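See structure below.
Note that this is a predicted model, so its numbers are computed, not measured.
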Amino acid sequence: MITGFLSLLCLEHLPKPSLSASPSTAAEPGSNVTLKCQSHFQNVTFMLGKWQDSGYRQEQSSAGPQAEFLLTGLAPPDSGSYFCAYKRVGSQVWSEKSGPLQLVVADYHDGHRALSRKKATRIIFVTTVSCMSILLLFLSVFFIYRCSQHDPSHEENQPFQISQEGYGLKESQEVTRAELNAMAPSEAASVPAEEAPDLGDMQS
């Protein structure tokens, strides 16, 4: 009796099936996706469930080892993690659940918002780079202009040097004139006075 009970338990223990999606686990709103549940036995009843929703349940009997669940008109709420299981005909014992299959239905609004954020980020980046380029160009032009100009300190000192040279020339001219004036009496004294004419000679 115990051996028969153990045999019954072994017979009722069903390995878990596999679950796959066609054409893809990523779908657009309004599109269709087929979830295929594959078992190891024929003439079984398959069940499709959803981990996040205990009330979601679809059953389908199949003469073969697999069943296909067609999901039509998908919307963002249809996104989630799905699983499947199966049981033999006339039995109430379900197999182990398959591994989770994550179905994603894109939301146009979320995609639009993501695209808008990406576009705004790109505009900010381009604007920042443009401003930095203009600033660097302005600084380059400014430094080139400054380097092309003459040294202002040299230009300021040049008139002063000229005035100093002019002042020195004028001073030397005044000294020369004073020396000439001082030398004039001594030269006049060194010249011999002419002899006065004899009155006798003049009378004869």
Any side-chain heavy-atom pair of Lys50 and Leu103 under 4.5 Å: no
Which atom pair, heavy atoms only, marks the closest approach of Pro17 to Ser95? CD-OG, 3.7 Å
Steps toward side-chain contact (heavy atoms from CB on, under 4.5 Å) verdict (Leu101, Lys36): CA-CA 11 Å; Leu101 184 145; Lys36 181 185 294 185; over 6 Å; no
Between Asn32 (side chain) and Gly73 (backbone), is there a donor-acceptor pair under 3.5 Å? yes
Would you name the heavy atoms of Val33 and Ala27 that are closest together and state the gap between them? CG2-CB, 3.7 Å
What I'd like to find out is whether the side chain of Leu48 reaches to under 4.5 Å of the side chain of Leu19, using heavy atoms alone. yes
At their closest point, which heavy atom of Phe41 faces which heavy atom of Arg88, and how far apart are they? CE2-NH2, 3.0 Å
Considering non-hydrogen atoms only, spot the tightest contact between Pro100 and Trp51 and give its length. CB-NE1, 3.7 Å
Are Leu35 and Val104 joined in one hydrophobic group, where the rule is that I, L, V, M, F, W and Y side chains link up if heavy atoms are under 4.5 Å apart? no
Within a strict 4.5 Å, meaning less than it, do heavy atoms of the Phe83 and Ser98 side chains meet? yes
Could you report the tightest heavy-atom contact between Ala21 and Ser24, atom names first, then the distance? CB-O, 3.9 Å
Is there any side-chain hydrogen bond (donor to acceptor under 3.5 Å, both in side chains) pair reaching into residues 66-87, and which pairs are they, with sequence neighbours excluded? none
Closest heavy-atom pair, Arg57 versus Trp94, reported as atoms and distance to 0.1 Å, is NH2-CZ2, 3.3 Å
Among residues two or more places apart or on two chains, list those pairs meeting disulfide bond (SG atoms under 2.5 Å apart) that have a residue in residues 28-85. Cys37-Cys84
Can you check whether Pro65's main-chain N or O pairs, donor with acceptor, with Ser39's side chain at less than 3.5 Å? yes
Side-chain atoms of residues 126-135: list all donor-acceptor pairs with protein atoms under 3.5 Å, sequence neighbours left out, distances to 0.1 Å.
from   : atom 1 : to     : atom 2 : distance (Å)
Thr127 : OG1    : Ile123 : O      : 2.8
Thr128 : OG1    : Ile124 : O      : 2.8
Ser130 : OG     : Val126 : O      : 2.8
Ser133 : OG     : Val129 : O      : 2.9

With hydrophobic residues grouped by side-chain heavy-atom distances under 4.5 Å, do Val105 and Tyr56 end up in a single group? yes
